[in-house]
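The structure displayed is predicted, hence computed values, not measured ones.
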Amino acid sequence: MQEIGTSTLQLATATKSSGFTPLAKRSGHSSARVNAAVSSKGLSKERRDEMREYYYDRRIMDDSIRRLTQPVDARLRRLAEDITHLIAGDMEQHLEPRFKGTQSSGDKENDSIASRTRNRGGRTASTLALGPSTKLTSSSGKGLSQRVSKLSILPKEPEQPGISKIQKWARTKFEYDGSEKEMYGSITAFFTYVAHHVKKQLTTTKKVSEAAKGKCRLLLPGPCADYKPGDSDDNTRIDIGLIDSGYDAAVEFCTKPDYYQLRAIVEAKRGKTLKDSLEAFAQLSEYTRQMFAEQYGLRFAFGFAICAGEVRLHHFGNHKIVESAPMDIATREGRRSFIELLVNMSLCEISQLGCDPTIRYLPDLNCWQIDCADDDDNGAGRNAPKQYYFSNIICAADRLLGRHTRCFPATDIRPTRKRGDEESLRATVVIKDAFAFAKPEASEDDRDEVRTLKKIRREFEGDNPDNIMYPKIVVGGRVRFDRGGKFVEDTTSTMYEGVDDELLEKVSGGALFRAHRRIVLESIGKPLRTAETVKEFVAVICDAMECHNAIVERCQILHRDISDNNILVVRENGTVRGLLIDFDCAIDLSKEKKDVRNEMTGTLPFMSLNNITNSSVKRTSLDDCESMLYLLCWHATIGFGSQHERDRAKAGFEEKAIAQWRNGTMVTIAKAKRMHLGSYGNFLDGIVVELDLYEALFANVNLGVEYHGTKEAGGNSSLAALLRRRARPTDAGDSSPNNADPFEMRSREWEHISRDFLDVLVRTKNEMVDWVDTSKQLQ
């Protein structure tokens with residue numbers, strides 16, 4: 001761990017008033033559950049490789065991304081302009097004597113600050129723009145120099161702290177002149193220098209109200225560099241973590257910040273070759289993923305990749321990572337651009353840095369408050385948002401890109417006393433928070449999960465003779481918050497407001513548009529991995545499929561995203577049941593015909609062949625049954641429960657055939673699945689043979705042979721028989737089943753096969769007794 005030198009500005013702890021930082025450190029969250037069978041070292045490599053692919057597939061270069069940090073409030077925006085010019089001028093005053101004889105070619109093209117001061121009537125350098133083409137005016141119409149002159153002029157003496165380190169960094173051209181660890185000190189000095197002056201100006205200015213100042217912050221480097229955050233789920237080390245504090249805070253930050261406290265991360269490289277840029281991007285992306293996992297209300301994130309003297313801002317959204325043009329610290333223009341960015345990030349609204357203002361930490365109660373809207377069928381908010389309270393999380397946003405789904409167990413009763421750190425609130429509902437694909441106009445969004453769940457509730461409420469466990473919505477709608485004095489819907493359009501139209505189309509146009517939705521559900525469950533025995537596991541899976549088929553039959557709604565993340569274990573009154581959740585990808589079959597085809601949805605290891613190959617075969621409930629079968633095979637191989645997952649990780653999971661369902665390209669994964677399920681023999685030899693630890697899922701000795709998925713059976717009700725099943729030709733023109741694509745042919749009998757599949761699960765659930773062999777019992 002590299003210790004950073006002290007500065008005149010004490011590092012301040014992240015304040016709870018920001019509504020974002022929790023009181024106590026939380027335990028780290030694992031990556032997607034499909035990675036549970038991978039060792040820590042292998043998982044880290046897998047993530048890094050994925051981030052390198054993002055460099056080519058998901059990265060967009062567009063400098064307009066820096067506009068996202070410009071303060072929405074006009075007065076703060078003008079103040080940010082003034083402070084930027086003061087700081088930039090002051091820095092050049094202190095750097096100039098050190099640059100004599102060492103200016104870069106870019107600097108030599110410009111007159112010195114002192115020369116421009118003499119030529120323009122002796123005005124202080126702090127009031128001047130940095131380049132000959134920069135005009136001292138702003139959108140307010142009032143001269144910038146006139147405005148700046150009313151601010152506190154920063155004295156040239158004594159020399160500001162860290163200026164020698166900044167000067168060393170500013171001399172950098174192609175490679176930093178020193179070790180990477182020495183580079184951390186220069187970068188930290190720059191951030192601290194800006195924060196020092198932002199604090200001074202905000203403390204003394206009377207141009208904005210105290211209320212407006214209270215929304216501002218200092219962006220500070222943590223006291224350590226090159227360290228592993230305490231809540232990290234692997235052994236990687238970040239270079240520099242940036243925290244924020246109140247603009248007037250002076251509480252010493254005594255410990256290194258964890259991911260849940262960070263506002264942004266800095267990744268630095270000595271050189272600026274393509275390899276340096278690629279590795280800086282990959283590492284920054286990997287660390288930012290952990291910020292999403294550890295923070296309750298992070299909507300998007302910023303980060304800095306610094307290669308030698310070039311600083312690039314990165315914006316991590318739901319679908320793309322946008323990278324700014326380089327800000328070259330070796331030039332005045334580059335230094336000024338970087339200062340401007342940091343000042344804007346200090347004065348903009350907290351929502352502009354990715355924080356969710358509808359989730360607030362309550363320090364007097366040691367819990368969180370969250371606003372939940374209740375939209376009508378047209379997508380409009382009917383009433384004021386309802387407030388709920390929570391103290392922990394059951395599902396974290398463990399991916400860098402995507403929906404960033406989080407789930408909180410909550411209550412609508414406000415606590416009456418401060419909660420202890422180890423004390424959880426008594427939850428009565430679960431809140432799902434996610435950025436789902438949507439249409440810009442809520443009234444036209446037929447795939448709105450809120451509408452889907454309300455339709456299910458209307459169908460089953462008061463008419464549920466089979467006692468199907470279905471997701472019961474309480475309230476739900478799009479997230480809205482105050483921005484610049486007006487309420488806005490939290491969508492990708494809001495997230496990227498102010499960027500160029502071309503960039504906006506790339507990140508939110510057409511099918512990429514997302515809306516931030518929040519849904520409150522009655523039933524509270526825990527992840528599928530918390531099933532304690534094989535019997536419980538089968539019971540939960542069976543309940544989920546019963547719910548699935550009933551919803552297809554009665555509501556004409558197809559789920560389309562069966563995975564272990566979307567099935568919960570619900571324990572009520574001594575019984576264990578399963579709950580199917582997450583209808584983000586669901587469609588209403590009664591309204592949509594064309595869209596049932598050619599749309600890829602789901603989680604990679606569990607995606608059906610039709611889905612993963614994006615075929616033209618009609619999507620039906622058979623695709624969801626196929627996904628459930630993959631899920632059964634997956635957990636029959638790796639087990640469930642954290643201890644068993646670790647044990648299986650040591651057993652060489654990567655060498656098993658089933659690992660091919662996750663590793664590789666879509667094409668290779670589809671090829672592996674087609675081979676494994678193309679015949680009973682392949683399925684037996686490639687997959688079932690490796691189900692040794694949890695073979696009770698398929699060969700329970702307490703069941704008749706017709707229910708064994710691991711042995712040949714004369715009947716057609718076994719899992720194996722369902723896999724082998726082929727549709728019979730309906731006329732002489734049909735191809736022979738032996739020459740036809742079995743996956744396409746069996747889709748013609750999807751209703752029949754789906755019922756048989758569920759029948760196997762139901763009878764297995766009802767007739768299975770507790771597994772008594774200790775080698776196969778989950779502890």
For the pair T668 (side chain) and T665 (backbone), establish whether a donor and an acceptor sit closer than 3.5 Å, ignoring hydrogens and angles.
yes
Would you mind reporting whether R399 and E50 have side-chain heavy atoms less than 4.5 Å apart? yes
Return yes if some donor-acceptor pair links the side-chain N/O of D239 with the main-chain N/O of A268 below 3.5 Å, else return no.
-> yes
Of all heavy-atom pairs linking Y259 and S232, the shortest is CE1-CB, 3.7 Å
| Student check: side-chain heavy atoms of D82 and T205 closer than 4.5 Å | no
Problem set entry | Heavy-atom check, side chain of L86 versus side chain of H197, under 4.5 Å | no
| Distance only, no hydrogens: is a donor on one side chain within 3.5 Å (strictly under) of an acceptor on the other, for N344 and Q352? | no
Residues at least two apart in sequence or cross-chain that pass side chain to side chain contact (heavy atoms under 4.5 Å, CB included) with S186, listed by chain then number, are K165, W169, Y176
Exactly one candidate in E175, E180, E279, E182 meets salt bridge (Lys or Arg N to Asp or Glu O under 4.0 Å) with R270; the answer is E175
Looking only at heavy atoms, the pair that brings R299 and D356 closest together is CD-CA, 3.6 Å
Do the ring centers of F191 and F338 come within less than 6.0 Å of each other? yes
* Decide, yes or no, whether a salt bridge links K506 with E502 under the criterion of side-chain N to carboxylate O below 4.0 Å. => yes
Residue pair D90, Y193: steps toward the side-chain hydrogen bond (donor to acceptor under 3.5 Å, both in side chains) verdict:
CA-CA 10 Å; D90 183 77; Y193 187 96; 2.4 Å; yes
Across all chains, not counting sequence neighbours, the side chain to side chain donor-acceptor pair (under 3.5 Å) partners of H314 are E323
May I ask you to test the T204-Q201 pair for a side-chain heavy-atom distance under 4.5 Å? yes
Handout entry: Beyond-backbone contact of L401 with N318, side-chain heavy atoms, under 4.5 angstrom
Key = no
Test item: R47 and D234 side chains (from C-beta on) under 4.5 Å apart, heavy atoms
yes
Looking only at heavy atoms, the pair that brings G271 and D276 closest together is C-OD2, 3.0 Å
Salt bridge (Lys or Arg N to Asp or Glu O under 4.0 Å) test vs E310 passes for just one of K272, R335, K269, namely K272
Worksheet item: Heavy-atom count around D57 CG within 6.0 Å, excluding the residue itself: above 12?
Response: yes
_Please evaluate residues L284 and M51 with respect to the criterion side-chain contact (heavy atoms from CB on, under 4.5 Å), reporting the C-alpha separation (whole Å), side-chain torsions for both, the decisive distance (0.1 Å), and the verdict._
CA-CA 9 Å; L284 177 62; M51 300 312 166; over 6 Å; no
Kindly indicate whether the side chain of V266, heavy atoms from C-beta on, has any atom under 4.5 Å from the side chain of T188. no
Under 3.5 Å, is there a donor-acceptor pair between the side chain of Y287 and the main chain of R237? yes
Tell me if the centroids of the rings in F300 and F302 come within less than 6.0 Å of each other.
yes
query = Below 4.5 Å, heavy atoms only, C-beta onward: do I60 and I65 meet side chain to side chain?
reply = no
Exercise for review: Hey, can you tell me if F292 and H404 have their rings parallel, tilted or perpendicular (30° and 60° cut-offs)?
Suggested key: parallel
*asked:* Is it true that, when you exclude K275 itself, more than 12 heavy atoms of the residues, nucleotides or ligands shown sit nearer than 6.0 Å to its NZ?
replied: no
Within the distance-only criterion (no hydrogens, no angle test), does the side chain of R59 pair as donor or acceptor with the backbone N or O of Y55 below 3.5 angstrom?
yes
